[in-house]
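For this chain, numbers begin at 1 and follow the sequence in order.
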Amino acid sequence: MEDTLRTLVERFDATGVDRRRDRLAFAIVPPDRLVDAVTWLRDLAGYRHLVLLTAVDRIEEGIFRLLYLLRAPEERADIGLHVDVPREGASMESIHHLWAAARVYQRELREMFGIDFPGSPEVDVSMILEGWDGPPPMRRDFDTRKYSEETFYPREGRETRDPAAHAAVTRYPADEQVKDEIRRVARENRTRGE
């Protein structure tokens, strides 16, 4: 793994190399070096399996940090490459031509974070949020409550209810009638001074 990490630094301008364990390390690569770096890892260094591609919204820094995690099955080693892209107009070069599975990851990141991968097949086709008209919901500045209130309330037939009170009325109506009768008798007895 040492030789691989050294090559990533020397040939692909990797920085921030972080060895977590003997067979797990991470590094940051510039966006314009990512495709060359993962191609080299796949074709010449044995990291043939794309384990995952995901993103973290680092809103304080104004970036999305993408993580490309690759595995070398023979060595049982993993390398994660981080790439930072600006949140505004977030876009990253596609790697669907290297791994078919990347298409799915890139569609998911497009849908959930709004990160574009130009040229990736069906990247604009919804996977989960069919009919969604709001902003990407995994962005940290997405206000779930506001979206929910604006989209779903008020709506005919929808009202908020205290779960315990609602269950008592709908599931145990006889119990509620008995309780009401007990309360009525208690009030009458207090009125009579008993």
Side-chain angles (χ1 to χ4, degrees), residues 1 4-18 20 24-73 77-144 146-148 150-151:
M1 180 173 273
T4 301
L5 293 173
R6 188 172 24 260
T7 300
L8 286 171
V9 170
E10 293 172 358
R11 286 183 58 185
F12 303 104
D13 305 324
T15 60
V17 174
D18 178 16
R20 298 287 173 91
L24 175 64
F26 296 89
I28 301 169
V29 295
D32 63 340
R33 304 295 301 175
L34 182 277
V35 174
D36 291 340
V38 295
T39 302
W40 177 81
L41 284 167
R42 185 190 73 161
D43 294 346
L44 300 174
Y47 289 83
R48 298 186 325 256
H49 179 65
L50 175 66
V51 177
L52 66 86
L53 167 56
T54 189
V56 176
D57 187 353
R58 299 177 77 150
I59 193 169
E60 297 84 1
E61 301 169 47
I63 61 169
F64 288 113
R65 175 160 283 179
L66 301 176
L67 169 63
Y68 297 78
L69 186 62
L70 307 178
R71 180 162 185 80
D78 300 296
I79 288 183
L81 294 183
H82 294 288
V83 176
D84 296 336
V85 296
R87 288 183 89 247
E88 284 297 317
S91 181
M92 183 62 202
E93 192 173 345
S94 176
I95 60 165
H96 71 274
H97 60 289
L98 299 172
W99 288 279
R103 295 172 53 175
V104 176
Y105 290 123
Q106 291 172 166
R107 280 179 66 189
E108 181 182 31
L109 293 175
R110 169 86 170 134
E111 188 170 12
M112 295 297 173
F113 290 93
I115 302 169
D116 195 15
F117 295 88
S120 185
E122 299 180 325
V123 73
D124 293 325
V125 177
S126 297
M127 287 178 49
I128 299 168
L129 304 176
E130 203 170 294
W132 181 264
D133 63 350
M138 293 300 288
R139 286 179 173 243
R140 286 178 53 204
D141 55 354
F142 177 71
D143 188 337
T144 306
K146 180 177 179 238
Y147 179 82
S148 178
E150 290 174 356
T151 305

**Q** How many angstroms lie between OG1 in T15 and CD1 in I28, if you round to the nearest 0.5 Å?
**A** 4.5 Å
**Q** For A90 versus V85, what's the shortest heavy-atom pair and its separation?
**A** CB-CG2, 4.4 Å
**Q** Considering only heavy atoms from C-beta outward, does the side chain of L81 approach that of L41 to under 4.5 Å?
**A** yes
**Q** Would you name the heavy atoms of P73 and R48 that are closest together and state the gap between them?
**A** CG-NH2, 3.8 Å
**Q** On the 0 to 90° scale, with breaks at 30° and 60°, tag the F142-W132 ring pair as parallel, tilted or perpendicular.
**A** tilted
**Q** Donor-acceptor pairs under 3.5 Å, side chain of residues 49-58 to any protein atom, not counting sequence neighbours: which ones?
**A**
| unit_1 | atom_1 | unit_2 | atom_2 | d |
| --- | --- | --- | --- | --- |
| D57 | OD1 | I59 | N | 3.3 |
| D57 | OD1 | R87 | NE | 2.7 |
| D57 | OD2 | R87 | NH2 | 3.0 |
| D57 | OD2 | R140 | N | 2.7 |
| R58 | NE | E61 | OE2 | 3.0 |
| R58 | NH2 | E61 | OE2 | 3.0 |

**Q** So, for E93 and Y68, which heavy atoms are closest and what is the spacing to 0.1 Å?
**A** O-OH, 4.4 Å
**Q** Between atom OH of Y47 and atom CG of L69, what is the distance when rounded to the nearest 0.5 Å?
**A** 10.5 Å
**Q** How far apart are the closest heavy atoms of G80 and L67, and which atoms are they?
**A** CA-CD1, 3.8 Å
**Q** Quick check on M138: does its CE atom have over 12 non-hydrogen neighbours (other residues, nucleotides or ligands) under 6.0 Å away?
**A** no
**Q** Is the shortest side-chain heavy-atom distance between L109 and L66 below 4.5 Å?
**A** yes
**Q** Kindly say whether L98 contributes a backbone atom to a donor-acceptor pair with the side chain of R42 at under 3.5 angstrom?
**A** yes
**Q** Salt bridge or not between R107 and E111? Use side-chain N to carboxylate O under 4.0 Å.
**A** no
**Q** What are the two closest non-hydrogen atoms of A102 and I95, and how far apart are they?
**A** CB-CG1, 3.6 Å
**Q** Could you give the distance from CD1 (I79) to CZ (F26), rounded to the nearest 0.5 Å?
**A** 10.0 Å
**Q** From T39 OG1 over to L34 CG, what is the distance, rounded to the nearest 0.5 angstrom?
**A** 8.5 Å
**Q** Walk me through it: do V29 and V38 pass the test side chain to side chain contact (heavy atoms under 4.5 Å, CB included)?
**A** CA-CA 10 Å; V29 295; V38 295; over 6 Å; no
**Q** Nearest 0.5 Å, please: how far is CG in L5 from CD in E10?
**A** 11.0 Å
**Q** Could you pull out every donor-acceptor pair under 3.5 Å between side chains of residues 114-131 and any protein atom, sequence neighbours left out?
**A**
| unit_1 | atom_1 | unit_2 | atom_2 | d |
| --- | --- | --- | --- | --- |
| S120 | OG | Q106 | NE2 | 2.8 |
| D124 | OD1 | R110 | NE | 2.9 |
| D124 | OD1 | R110 | NH2 | 3.2 |

**Q** For L24 and M1, which heavy atoms make the closest approach, and how far apart are they?
**A** N-CE, 3.9 Å
**Q** Residues in side-chain hydrogen bond (donor to acceptor under 3.5 Å, both in side chains) with T4, at least two apart?
**A** none
